[in-house]
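In listed order, ligands and their atoms are each counted from 1. Positions are given from 1, in the same order as the sequence printed here.
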Amino acid sequence: MNVAADSNHTASMLARYERLMDISMQLNSTLDLASLLRKIVSAAKELTNTEAASILLIDPATGELRFEIASNINPHEIEKIVVPMEGSIAGWIVTHGEPRVIEDVSKEPGWSRSVDDTIEFHTRNLLGVPMRTHKKVIGCLQAVNRLGTEKFDEDDITTLTVLASQAAIAIENARLFQQSDFIAEMVHELRTPLAALKASTVLLLRPDLPIDRSRDIVTTMQSETERLIRLTSEFLDLARLESGRTRLDITRFDLRELLTESVEVVLPQANNKSISVAVKSERYTVAADRGKVKQVLLNLLTNAIKYNREKGHITVSAREAEGQDKPFVQIAVSDTGFGISKEHQKHMFEKFFRVADTAGFTQGTGLGLAIAKHIVEAHGGQITLESEANVGSTFFITLPLATR
Ligand SMILES: Nc1ncnc2c1ncn2[C@@H]1O[C@H](COP(=O)(O)OP(=O)(O)OP(=O)(O)O)[C@@H](O)[C@H]1O
Ligand SMILES: [Mg+2]
């Protein structure tokens, strides 16, 4: 290398380290796991000048090595991909705790084409490094398909290794934050129905209790027990979704049938408040997890009833969505209820968030929309809302249409 080339090289290395420092600072300030992972893969691509990047993490519960995010894989496809610890490149990196450069994957005996085949992607070369916290290796960060003609060199390995260890610490922090936050809130929510149950049993045991009062108390106990059951299953749902352990069971089904079926479930509730519900939709075949989409729709519909006025209206409609690279359908659930102020709209999809005005006279945990957001995004879709105070709200979700 001549002197000029050498100083060029040093300058570009310095620029790269500066960029790495910037990125590390950004990572450390992100506690939301999903956006953290997105930031890491985009940084990995940028710093190594590659076409795609991915993160595989060891599932703390099962010990399996699984794709957590990849810039070239859809979120709903990724969940199925478990990589064997033995015989795979990622498994080798994780067990040995060392980086690996593969110049030509087709010459690699441990290379499995099955992931490429699943996602219709062609991997040519890759650089993978372990993601290490101070105690252990938690996964592996891979940069795939170098852009341009240069091969991966020592600088690339160093840069990606530094990024990976910063990322590993940030991931651990986000996980810890998620757990502490969630457990504290969960215990808090469980205490109210438990306290009500305890008070009821004390009353029931009083010898002077009139027989007709005991019926009332048992009725209260029953509804509090139902609330506990619902709470615990929602907690479990959300905890699974947040940790990425939820598997989507994707099938093709008729959306209009599902809309009608969901409306039928909530009709008795709507009738109680004399609220009308209309479904307006063409026939669409979507590719999604039917049970989970139904769960989302039921929450949106229940909200549209709970936070609606007497004799209000609800409209459920579907149309093809624009501006997507593959065809999506957009479902809208529209109500004539209290509406949501701009300030509250920002927090709508956060777990445990409930608007104070309505929390007083309606039952709920504030988990429904947080769960809905996870489910819709796991399908590669989006959930949004438009609302005007005292006029009503519309919640929109997008889902992939079945192709062919
Ligand atoms: N259609 C709506 N109109 C007005 N406010 C709404 C509407 N949907 C939701 N909200 C507000 O957003 C909050 C969060 O809704 P979310 O569905 O997450 O929880 P929830 O209905 O309170 O409880 P649950 O977990 O049982 O669904 C509600 O408490 C309510 O204040
Ligand atoms: Mg709800």
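When N303, D335, I371, T394 are checked for heavy-atom proximity to atom 8 (N) of ligand 1, N303 turns out nearest. Relative to atom 30 (C) of ligand 1, the option among F352, Y307, F349 with the closest non-hydrogen atom is Y307. The residue among H347, E234, K351, M348 with a heavy atom at the shortest distance from atom 10 (N) of ligand 1 is M348.
Within the listing of ligand 1, atoms 17 (O), 27 (O) sit less than 4.0 angstrom from a heavy atom of N299. Per-residue contacts place G364 under 4.0 angstrom from the following atoms of ligand 1 (heavy atoms of the residue considered): 22 (O), 23 (O), 26 (O). Against a heavy-atom cut-off of under 4.0 Å, R230 is close to the following atoms of ligand 1: 26 (O).
The shortest side-chain heavy-atom distance between L385 and F349 falls under the 4.5 Å cut-off.
Not one N or O on the side chain of K151 forms a donor-acceptor pair closer than 3.5 Å with the backbone of E103. Put simply, the side chain of S393 never gets that close to the backbone of S387: no donor and acceptor are under 3.5 Å apart. For K292 (side chain) and D249 (main-chain N/O), no donor-acceptor pair under 3.5 Å exists by modelled atom type. A distance-only check finds no donor-acceptor pair linking the side chain of T336 to the backbone of G312 [under 3.5 Å].
Considering backbone and side-chain N/O of L367, one or more are found under 3.5 Å from N/O of ligand 1. Residue G366 has at least one nitrogen or oxygen atom sitting less than 3.5 Å from a nitrogen or oxygen atom of ligand 1, judged on distance alone. For ligand 1, the polar-atom distance check against V355 finds a nitrogen or oxygen pair separated by under 3.5 Å. Backbone and side-chain nitrogen or oxygen atoms of G368 are examined, and one is located within less than 3.5 angstrom of a nitrogen or oxygen of ligand 1. For ligand 1, the polar-atom distance check finds an N/O of L369 within less than 3.5 Å of one of the ligand's N/O atoms.
Annotation for E261: atom CD counts as buried by contact number, over 12 foreign heavy atoms lying within 6.0 Å.
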(request) Let me see the working for T403 and K326 under side-chain hydrogen bond (donor to acceptor under 3.5 Å, both in side chains), right down to the final yes or no. (result) CA-CA 9 Å; T403 40; K326 65 178 184 180; over 6 Å; no
(message) Test salt bridge (charged side-chain N to carboxylate O under 4.0 Å, His left out) on D208 and R206; report intermediate values, then the result.
(response) CA-CA 6 Å; D208 55 343; R206 284 175 66 136; 3.2 Å; yes
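With a 4.0 Å cut-off on non-hydrogen atoms, I340 touches ligand 1 through its side chain and not its backbone. With a 4.0 Å heavy-atom cut-off, ligand 1 is reached by no atom of N308.
K136 has a carboxylate O that lies under 4.0 Å from a charged side-chain N of E172, or vice versa, which qualifies the two as a salt bridge.
Looking only at atom types and distance, the side chain of Q295 has a donor-acceptor partner in the side chain of D237 under 3.5 Å away.
With I93 as reference, R100 is the one residue of M131, R100, E98 to meet the side-chain contact (heavy atoms from CB on, under 4.5 Å) rule. Screening N125, L160, I157 for a side-chain contact (heavy atoms from CB on, under 4.5 Å) involving F152 leaves a single residue, N125.
Look at S393 and you'll find a heavy atom under 4.0 Å from some atom of ligand 1. The shortest heavy-atom distance from F353 to ligand 1 is under 4.0 Å. In this structure, K306 is part of the shell of residues with a heavy atom less than 4.0 angstrom from ligand 1.
Below 30°, between 30° and 60°, or above 60°: for F353 and H347 the angle between ring planes is between 30° and 60°, a tilted geometry.
For the residue pair V316 and V333, the shortest heavy atom distance occurs at CG1-CG2, 4.5 Å.
Note on the Mg ion (ligand 2): protein N/O/S atoms under 2.8 Å are N299 OD1, N303 OD1.
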